[in-house]
Protein chains: 2
Amino acid sequence: MTVSKTAVAEAARARKEPVEPAETTALQLGELSELLGYTLKRAQLKIFEDFLRCMAPLQLTPAQFSVLLLLEKNPGRNQTEIANTLGILRPNFVSMLDGLESRGLCERVRSTNDRRSHILLLTERGRNMLVRAKRLVANKHEARLNELLGPTNRAALLAMLTKIVNEF
Amino acid sequence: MTVSKTAVAEAARARKEPVEPAETTALQLGELSELLGYTLKRAQLKIFEDFLRCMAPLQLTPAQFSVLLLLEKNPGRNQTEIANTLGILRPNFVSMLDGLESRGLCERVRSTNDRRSHILLLTERGRNMLVRAKRLVANKHEARLNELLGPTNRAALLAMLTKIVNEF
DNA sequence: TGATAATTGTTATTCAACATATCAAATATC
DNA sequence: GATATTTGATATGTTGAATAACAATTATCA
């Protein structure tokens, strides 16, 4: 067996010296930490994680919350319209609506002027749920973000992300 | 059935008047555009999309690129260590490595001092690929982002995202 | 008008990302 | 030396995202 780098490392470790990349040390992210896409993704996961935690009492995912918000602001639209503006494909939106409708949060009503389409409406229960959901988001989730970043930075962050979404 | 809002809308449409939310108009995002998580996710999708476009000649996904970067900066680590720092679960990292190794970009070497683990190394080919990949990322992908945001804003954005990742 | 095309919601299906349980081999612990 | 832990791997399940195809309905336009 040849004297390997790991053998050297082992010897150093026996002497309790720090080794080249000390095996017990956190890895170097290197250029990864400069990659916007990488950091963006990790930040997004963190934020969704917190969102789910804050929303646990209501059992609403970010996607479901976004649907309810959109229905509130745009009552009477059909499935295609809602799905499109959320970037959800129509086939995948079906089961999503099934879930919300079976919980009594929204309803599909056959449109009278285009009997192919379903008009989407929040139910009373859906509106109540949305009120509580908004409160949780504002007081737990976004409040924590505001605390971390400060309102100015938070606004700047949102502005840049919006720019990316709209102009990139 | 009561006279519904949709009925009113229908009547108005018959008169060719613009209705409350004119059906042909883009939907109102409303509070959705103020939701950091929502905007963050959409921005992330946009950026990954562009990354894939820029990287198409090399056929590298963001995840694969991040592995190669990490192997370059941390040669000789084992699968668990690399997977962990990338937030990839060890079972899922296996097939990922299979892909990279079958393309000759990296190799697993049985460790001599712990024969359970595989030391991961970039191959010569992997290093060459990485050089080209970095060039594409810098000159096409990140350059476009810099053009959109400006270097100062880009740095500020990255700093805030990093803060979220590390402190949220 | 009537034939043809397009749209809507839906189903089926595929693919990738993500997660858990389990295993044999090797190592660590005590 | 018996027991527990770690490592890479397999199997498997779940979810999100994507495409093709279908019946019902509506739009188009010759």
Side-chain angles (χ1 to χ4, degrees), chain A residues 6 10 13-14 23-24 37-38 41-42 44-46 48-49 51-52 59-67 71 76-102 106-121, chain B residues 6 10 13-14 23-24 37-38 41-42 44-46 48-49 51-52 59-67 71 76-102 106-121:
Chain A
T6 34
E10 245 180 291
R13 202 180 313 107
E23 258 77 354
T24 53
Y38 176 76
K41 171 103 188 192
R42 302 220 70 159
Q44 184 258 311
L45 290 175
K46 272 251 174 180
F48 269 43
E49 205 178 295
F51 184 99
L52 285 171
Q59 285 288 87
L60 277 186
T61 67
Q64 290 172 324
F65 181 62
S66 69
V67 170
L71 292 189
R77 299 292 191 143
N78 66 27
Q79 298 185 196
T80 299
E81 290 171 312
I82 299 293
N84 279 345
T85 77
L86 287 177
I88 303 174
L89 293 171
R90 288 175 308 276
N92 299 328
F93 193 51
V94 172
S95 69
M96 198 166 165
L97 267 187
D98 288 345
L100 292 174
E101 202 176 15
S102 72
C106 70
E107 51 181 352
R108 304 181 231 221
V109 181
R110 197 111 237 166
S111 169
T112 51
N113 55 317
D114 183 346
R115 288 176 21 239
R116 290 171 298 187
S117 62
H118 290 160
I119 290 313
L120 297 181
L121 296 170
Chain B
T6 34
E10 247 180 287
R13 202 178 314 106
E23 259 75 355
T24 53
Y38 175 76
K41 171 106 188 191
R42 302 220 69 159
Q44 184 258 310
L45 290 175
K46 272 252 174 180
F48 269 43
E49 207 178 294
F51 183 99
L52 284 171
Q59 286 287 88
L60 276 187
T61 67
Q64 290 172 325
F65 181 62
S66 70
V67 171
L71 292 190
R77 299 292 190 141
N78 66 28
Q79 298 184 198
T80 300
E81 290 172 312
I82 298 293
N84 279 345
T85 77
L86 288 177
I88 303 173
L89 293 171
R90 288 176 306 278
N92 299 328
F93 193 52
V94 172
S95 68
M96 198 167 166
L97 268 187
D98 288 345
L100 292 174
E101 202 176 13
S102 72
C106 70
E107 51 183 351
R108 304 182 232 222
V109 181
R110 198 110 239 167
S111 168
T112 52
N113 55 317
D114 183 346
R115 287 175 23 238
R116 289 171 299 187
S117 61
H118 290 161
I119 289 314
L120 297 181
L121 296 170

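Chain A is the first sequence line, chain B the second, and so forth, proteins listed ahead of strands; every chain is numbered from 1.
One atom, NZ of B:K41, and another, P of C:dA17, lie 13 Å apart when rounded to the nearest Å. Atom pair B:I88:CD1 and C:dT20:P shows a separation of 16 Å (rounding to whole Å applied). B:F48 has its CZ atom 12 Å from the C1' atom of C:dA17, to the nearest Å. In this structure, A:Q44 places its CD atom 10 Å from P of C:dC18, rounding to the nearest Å.
From one end of the helix from C:dT1-D:dA30 to C:dC30-D:dG1 to the other, with five pairs defining each end axis, the axis direction shifts by 20° (rounded to 10°).
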Apply side chain to side chain contact (heavy atoms under 4.5 Å, CB included) to the pair B:L86 and A:Y38, showing each step before the final yes or no. CA-CA 10 Å; B:L86 288 177; A:Y38 176 76; 3.9 Å; yes
Take B:L121 and B:L71 through the test side chain to side chain contact (heavy atoms under 4.5 Å, CB included) and record every step on the way to the result. CA-CA 6 Å; B:L121 296 170; B:L71 292 190; over 6 Å; no
Can you check side chain to side chain contact (heavy atoms under 4.5 Å, CB included) on A:R90 and A:T80, steps first, answer last? CA-CA 6 Å; A:R90 288 175 308 276; A:T80 299; 3.0 Å; yes
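The side-chain contact (heavy atoms from CB on, under 4.5 Å) test with B:L120 is passed by exactly one of B:R77, B:E107, B:R108: B:R108.
Judged by distance alone, with hydrogens and angles left aside, the side-chain atoms of B:S95 form no donor-acceptor pair with the main-chain N or O of B:D98 at under 3.5 Å. Side-chain N or O atoms of B:R110 include one that pairs as donor or acceptor with a backbone N or O of B:R115 at under 3.5 Å.
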Dump every N/O contact between nucleotides 8-11 of chain C and the protein below 3.5 Å, one line per pair.
from, atom 1, to, atom 2, distance (Å)
C:dG9, OP1, A:Q79, N, 2.9
C:dG9, OP1, A:H118, N, 3.2
C:dG9, OP2, A:T80, N, 2.9
C:dG9, OP2, A:T80, OG1, 2.3
C:dG9, O3', A:H118, ND1, 3.4
C:dT10, OP1, A:R108, NH1, 3.4
C:dT10, OP2, A:Q79, OE1, 3.0
C:dT10, OP2, A:Q79, NE2, 2.9
C:dT10, OP2, A:R108, NH1, 2.5

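The closest side-chain heavy-atom distance from B:L52 to B:P62 is below 4.5 Å.
In terms of heavy-atom proximity, B:G37 sits nearest to A:F48 at O-CE1, 3.4 Å. Closest of all the heavy-atom pairs between B:L60 and B:F51 is O-CE2, 3.9 Å. Residues A:Q59 and A:Q64 approach most closely at O-OE1, 3.7 Å, considering heavy atoms.
Contacts between chain A and DNA chain D, taken as any atom within less than 4.0 angstrom of a protein heavy atom, begin and end at D:dA17 to D:dT26.
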